[in-house]
Amino acid sequence: MTEKPGHILQASADDHRIAKLAAIAIGLHLIEAVLPSPLPGVKPGIANIVTLYVLYKFGIGTAAWVSLLRVFAGSLLLGHMLSPTFVLSLSGAIASLLVLFFAIRLPHRWFGPVSLSILAAFAHIGGQLLLVWLWLIPHAGLAYLTPLFALAALVFGIINGLVTARLLSQTDGQRQ
Amino acid sequence: MPVPASRPYRDLKRAIRPGDWLTMLAAVAVILVLFESLWLGETASKVQIRAGNQIHSTLSINQQRVVEVPGPLGITTVVIDHGKARVASDPGARQYCVKQGWLDQAGQVAMCLPNQVSVELLGSRKIHDSLNY
């Protein structure tokens, strides 16, 4: 972002791109918020498809922008801002971004979007459970839910990874 | 936008790379370990019987045995039967410890308060229960 004399903010092409992608992520986030869930906390995390896609296309910096904007704007729109729900959402996003930061360096020939999606999903639920345990409910009962959360992370991680792979292959095809 | 004809199998094969199978396998292993360690309670290895403020006896649970424990009201009978234990009879009025039935997980306790007798199953390590807190 560059500030010119006269204090006119000019958005760069990067800003526009981040805004567009974040808008898509926020849309998915909102759609997901109205889906019923069998267990609080078990969600498909379809907004993470956008994060993964952006990570592959534009790198971790843009992915972090899109993911964190999604968390902030999504919680504003849903009225969760600064509530425990928001903090959980943020901790999950930060944890999965941290893991993705390292996972994207894995050799692409061997590890594709499916691996990254699974790793990010586990990091997401891991970061959230850690925060719940440390801050909200330090109760042994939480341990009983952990395997279910992990199972959901694997299932939705695979699905989101496959969707991302499909998206990436389609946009690659367009370019050729 | 022209979308190429769907070839689900080939697409799937291309989308999942060799390392992805490894990641999935590792994830399944993690989930199994989580289920195993967090859902399946530890099986008990010993039975500890207390009478009053003393440990009456600590016995292996893998045997068949009837233990008679004397208390202020009379005899409490504890039955150990290959991996499980129960209070078979107690002179107390409400019979709570008898009605509790068989115990087979580490950490489970049956207490006969009037007769000051308790039966606790022990695992390889002491886990916390409401008695400790």
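Per chain, numbering begins at 1; letters A, B, ... match sequence-line order.
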Transitively linked via ILVMFWY side-chain contacts under 4.5 Å: [X] with [Y]?
{"X": "V33(B)", "Y": "L129(A)", "answer": "no"}
{"X": "I24(A)", "Y": "L167(A)", "answer": "yes"}
{"X": "L148(A)", "Y": "Y144(A)", "answer": "yes"}

### Task
Please determine, among G161(A), S117(A), S115(A), the option with the most heavy-atom pairs under 4.5 Å with chain B.
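Looking at each option in turn, the highest pair count goes to S115(A).
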### Query
When only pairs under 4.5 Å are counted, which of L106(A), L162(A), L119(A), L116(A) shares the most heavy-atom pairs with chain B?
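Heavy-atom pairs under 4.5 Å are most numerous for L162(A).
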Could you check whether any side-chain heavy atom of [X] comes within less than 4.5 Å of a side-chain heavy atom of [Y], counting everything from C-beta outward?
{"X": "M24(B)", "Y": "I118(A)", "value": "yes"}
{"X": "F149(A)", "Y": "L34(B)", "value": "no"}
{"X": "P107(A)", "Y": "R17(B)", "value": "no"}

### Query
Can you name the ring pair (Phe, Tyr, Trp, His ring centres under 6.0 Å) partners of F58(A), sequence neighbours left out?
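Partners of F58(A) under the ring pair (Phe, Tyr, Trp, His ring centres under 6.0 Å) test: none.
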Atom [atom1] of [X] with >12 non-hydrogen neighbours under 6.0 angstrom:
{"X": "F86(A)", "atom1": "CZ", "result": "yes"}
{"X": "W110(A)", "atom1": "CH2", "result": "no"}
{"X": "W21(B)", "atom1": "CH2", "result": "no"}

### Message
Distance check, rounded to the nearest 0.5 Å: I158(A) atom CD1 versus D20(B) atom CG?
### Response
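So the CD1 of I158(A) and the CG of D20(B) are separated by 9.5 Å.
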### Task
Look up atom CG in L154(A) and atom CD1 in I31(B), then write down how far apart they are to the nearest 0.5 Å.
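So the CG of L154(A) and the CD1 of I31(B) are separated by 4.5 Å.
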### Message
Between L151(A) and chain B, with a heavy-atom cut-off of 4.5 Å, which part of the residue counts as in contact: side chain, backbone, both or neither?
### Response
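For L151(A), the contact with chain B is made by backbone and side chain together.
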#### Entry: Proximity breakdown for F122(A) and chain B, heavy-atom pairs closer than 4.5 Å
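Only the side chain of F122(A) comes within 4.5 Å of chain B.
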